[in-house]
Amino acid sequence: MDPLIITVAPVGAELTPDQTPHLAVTPQALGSVARNILRAGASMIHVHCRNDDGTNTHDVARFRAAYDEIRANSDLIVQFSTGGAIGMTPEERAAPLVLRPEMATLTCGTVNFGDEVFENSFPIMRGILREMKRYGVRPELEIFDKGHLSNAFRLQREGLLEFPQHVDFVLGVPGGLDASVANLVDLVQALPAGCTWSVAGIGRAQLPMATVAIAMGGHVRVGLEDNIYYSKGRLATNEELVARVARIAQELGRPIAGPQEARELLHLQTAATLVGEGLRRP
Ligand code: KMH
Ligand code: ZN
């Protein structure tokens, strides 16, 4: 099996500072998270940003500062969120792509999100994809429901998306597909040849989904965006969540991918090229 890519989503948009003391609010805090999760075995970081008061922002200057701090502290693959927070405009969500991160998420359809609706109509998805193409950013397809795969295939037929791609199954969002082994297997079987995939189980589904993915040959996303607990009632840090997945992988005989190995597995440019380009920062 390929080495395991561990992606970390440390911040998210919904988590509030009163829920956990471990939420990275400032760019400096995000830099420190990057250093710690790299040490624990992560190879990719999924980035949302906060204002100093903890509120969510997709401000380009804030993303630039966060990107700089992450780069100063690690060679992790940097993946920006284009999902942002519920209620952001598509333009706000896509704005940080101007910084040319190596990857960014593309949620492949609208989904109920608790009592709210995370809107990803075809015009929104097309618009975000066009901005990704414009800035040379590789998508990670976020699949919250099985129909999202059908939507991605429609975007392929429209000529906006090529396959194979890297796909992240986000399972267990209230309003999306349940986090079950049967659902995960069904989704993986529906992927076109050559795709790589990871799973992000929400809440207490994070650990069992990660364990199943390690055994299946997939990859894993953990982090406080999806789950703030290490165990019942005990808050987690991001690095603890990574270290636990790395330990399980080791027990199962699955090697852990470092960032450069992960770039090769995902067919991203190598770090040497990136350094030559000034780490792609304009
Ligand atoms: N905050 C969620 C509404 C992404 O980052 O691309 C969307 C989200 C997905 O977090
Ligand atoms: Zn996110």
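Order of listing sets the numbers, starting from 1, for every ligand and every atom in it. Scope of the values below: all heavy atoms of this structure, side chains included, with no hydrogens, waters or symmetry mates.
Closest approach of Leu235 and Pro21 over heavy atoms only: CD1-CD, 3.7 Å. Heavy atoms only, all atoms of each residue included: Ala66 and Cys49 are closest at CB-SG, 3.7 Å.
Scanning all protein heavy atoms for the shortest distance to atom 6 (O) of ligand 1 gives Thr105 OG1, 2.6 Å. The closest protein non-hydrogen atom to atom 5 (O) of ligand 1 is Ser81 OG, 2.7 Å. From the protein, the heavy atom lying nearest to atom 10 (O) of ligand 1 is Glu225 OE2, 2.9 Å. Looking from atom 2 (C) of ligand 1 to the surrounding protein, the closest heavy atom is Glu14 OE2, 3.5 Å.
Not a single heavy atom of Ala104 sits closer than 4.0 Å to an atom of ligand 1.
Taking a cutoff of 4.0 Å between a charged side-chain nitrogen and a carboxylate oxygen, Glu119 and Arg93 do not qualify as a salt bridge. Glu158 and Arg130 are not joined by a salt bridge, as no carboxylate oxygen comes within less than 4.0 angstrom of a charged side-chain nitrogen.
The Zn ion (ligand 2) has Glu225 among its coordinating residues (N/O/S atom, backbone or side chain, under 2.8 Å).
Ligand 1 places these atoms under 4.0 Å from at least one heavy atom of Gly83: 4 (C), 6 (O), 9 (C). The distance from ligand 1 to the heavy atoms of Phe113 drops below 4.0 Å at these ligand atoms: 2 (C), 3 (C). Under a 4.0 Å criterion applied to the non-hydrogen atoms of His48, ligand 1 contributes the atoms 5 (O), 10 (O). When each atom of ligand 1 is checked for a heavy atom of Ala13 under 4.0 Å away, the hits are 1 (N).
Ring-plane geometry between His148 and Phe144 is classed as tilted, the angle between the planes lying from 30 to 60 degrees on a 0 to 90 degree scale.
The minimum distance between the Zn ion (ligand 2) and any N, O or S atom of His48 involves atom NE2.
Polar contact with ligand 1: absent for Phe118 (N/O pair, distance under 3.5 Å).
Residue-environment remark: CG (Asp53) exceeds the threshold of 12 foreign heavy atoms within 6.0 Å.
Linking ILVMFWY side-chain heavy atoms closer than 4.5 Å, directly or via other members, places Leu191 and Leu106 in a single hydrophobic cluster.
A donor-acceptor contact closer than 3.5 angstrom links the side chains of Gln260 and Arg263.
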